[in-house]
Each structure stands twice: as C-alpha cells, then as structure tokens.
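These notes are about the structure you will find just below.
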Amino acid sequence: MAAAAECSSYTGEVTERRGIPAASFVQDVQSYLSQSGLDVNSALAFLQERLQQYRVVEMKLLAQQRDLQAKIPDIEKCLDIVATLQAKKDSSEALVADFEVSEGIYSRAKIEDAESVCLWLGANVMLQYSCEEATALLQTNLENAKASLEVLVADLQFLRDQVTITQVTTARVYNWDVHQRRVRQATTPKES
C-alpha cells in the first residue's frame, strides 16, 4: 500500500515530459470513476486510447533514436577524416583516398596540401570550411547529437513508465468491474 501511495504521489508531481502526458496511478477505482465521471466501459476505452497514443509516440521516438544512432558514427568518421587531412597537411606526403562517387562506384584521389574541406549539410547544401572550422562544427554537431540521444533515452524511459502505469490502471479498472459484477450476481436471487 505504501508503494502504491508513493507511486500515486510521484505521478502527481510530473504532469508531462516534453509533451508526453503523465499517467496517474489509480489506487481506488471507484473514486477514480466518480471523479472522472466515467462509467467502466468509457474509462477502459479512454485508457486504451491513451495506451495507443503512447505507442504512437514510442514509435516516433524509437525512429528518432535510430536516426541519431546512425548519425553519430558518421559524424565521428568525418571528424577522423578531417583530423587525418590536418595531420597530412603538415607533412609533405600526399594522402591517397578511395571515395564513393555513386552507389557502388568508387574513385581514387590523391590529396595534397588540403587547406579546406567541403561538408555536406543536407537539403542539397554543401559548404566549404577550413579544416579548423570543420573540426569545430563537427565537434559541436557530435556533442548536440549525443545530448539529443540522452534526452531521447530519458523520454523513452518516461514513456515506458507511463505505458506500464496505464496498463496497470486498465487491469485494475477491469478487475474491479469483474468483482462488482460477481458481487451483483451473488446478491441477486436466483430464479429456479
């Protein structure tokens, strides 16, 4: 009982997280139904709808997480390439690199004394930066992507908690309804 009261007071403090509404733990089903003004079927329908909303948000967040998890290694690879170019710039040695021109088509390039690099920013935009500017920009992008990933992981954990609370509430409402029906059946006289 104490754990249920703690959970109820905990969810009362957090009303939402980045637009995700918090689910409230229902300790007393009868008072929940009377306060919300819903009958059992309406309450169950509301909880199922909320559960569906949580599932849709979860799918969106998981897609964002996959995108960020794919983006971070690309940024790190770009940082390594720029660092390699900077290291080769100081030596008189040329850098020989194979790069992809198109899908499945590669070309070999001999890079001597690279003063700048072109970074693909997306949306058909490519800009030329000095190696130092490119390193700074890529480092900033990497830090932002990692921070966004941490926030997404926290949002997913919050969302999973809300799904669990909603599922438990749904089960409690349903079980309460079954119990009430059995009590009504037991109290009504049986006709022979």
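All heavy atoms count here, side chains included; hydrogens, waters and symmetry mates do not.
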*Does the side chain of Gln64 reach to within under 4.5 Å of the side chain of Leu61, using non-hydrogen atoms?*
yes
*Can Lys88 and Ile111 be said to form a side chain to side chain contact (heavy atoms under 4.5 Å, CB included), step by step?*
CA-CA 9 Å; Lys88 293 290 184 173; Ile111 303 169; over 6 Å; no
*Give a yes or no answer on whether the side chain of Arg108 reaches the backbone of Val96 with a donor-acceptor pair at less than 3.5 Å.*
no
*From Ile165 CD1 over to Arg172 CZ, what is the distance, rounded to the nearest 0.5 angstrom?*
12.0 Å
*With side chains defined as the heavy atoms from C-beta onward, is the minimum distance between Asp177 and Val29 less than 4.5 Å?*
no
*Share the residues that join Met126 in a hydrophobic cluster, the rule being Ile, Leu, Val, Met, Phe, Trp or Tyr side chains under 4.5 Å apart at the heavy-atom level.*
Trp120
*Looking at CG of Leu159 and CD1 of Ile20, how far apart are the two atoms once the value is rounded to the nearest 0.5 Å?*
5.0 Å
*Residue Tyr174 excluded, over 12 heavy atoms near OH under 6.0 Å*: no
Which side-chain N or O atoms in residues 137-149 pair as donor and acceptor under 3.5 Å with protein atoms at least two apart or in another chain?
| residue | atom | partner | partner atom | Å |
| --- | --- | --- | --- | --- |
| Thr140 | OG1 | Ala136 | O | 2.9 |
| Asn144 | ND2 | Thr140 | O | 3.4 |
| Ser148 | OG | Asn144 | O | 3.0 |

*Compare all side-chain heavy atoms of Cys131 with those of Val117 and state whether any distance is below 4.5 angstrom.*
yes
For residues 65-82, please give each side-chain donor-acceptor pair under 3.5 Å, one per line with the distance, not counting sequence neighbours.
none

*Do Gln86 and Glu132 touch side chain to side chain, with heavy atoms closer than 4.5 Å?*
yes
*Do the side chain of Gln162 and the main chain of Ala23 share a donor and acceptor less than 3.5 angstrom apart?*
yes
*Rest of the hydrophobic cluster containing Ile105 (Ile/Leu/Val/Met/Phe/Trp/Tyr, side-chain heavy atoms under 4.5 Å)?*
Phe99, Val101
*Derivation and outcome, salt bridge (Lys or Arg N to Asp or Glu O under 4.0 Å), residues Lys110 and Glu112*: CA-CA 6 Å; Lys110 185 175 181 183; Glu112 297 175 358; 3.8 Å; yes
_Where Phe158 and Glu16 come nearest, the two heavy atoms and their spacing_ = CZ-C, 4.4 Å
*Hey, any chance Val168 and Trp176 share a hydrophobic cluster, counting ILVMFWY side chains that come within less than 4.5 Å of each other, even indirectly?*
no
*Does Val151 sit in a hydrophobic cluster with other residues, and if so which ones, taking ILVMFWY side chains as linked at heavy-atom separations under 4.5 Å, directly or through other members?*
none
*asked:* Does any part of the side chain of Gln157, heavy atoms only, come nearer than 4.5 Å to the side chain of Val153, both counted from C-beta?
replied: no
*State the CG-CD distance between Leu33 and Gln180, to the nearest 0.5 angstrom.*
9.5 Å
_Would you compute the distance between atom CD of Glu100 and atom OH of Tyr106 and round it to the nearest 0.5 angstrom?_
4.0 Å
_Distance in Å, Thr170 OG1 paired with Gln167 CD, rounded so as to fall on 0.5 Å steps_ = 7.5 Å
For residues 38-59, run the donor-acceptor check on the side chains, cut-off 3.5 Å, and write out each pair with its distance to 0.1 Å, sequence neighbours left out.
| residue | atom | partner | partner atom | Å |
| --- | --- | --- | --- | --- |
| Asp39 | OD1 | Ser42 | N | 3.0 |
| Asp39 | OD1 | Ser42 | OG | 2.5 |
| Arg50 | NE | Gln53 | OE1 | 3.4 |
| Tyr54 | OH | Pro21 | O | 2.6 |
| Arg55 | NH1 | Glu58 | OE1 | 3.4 |

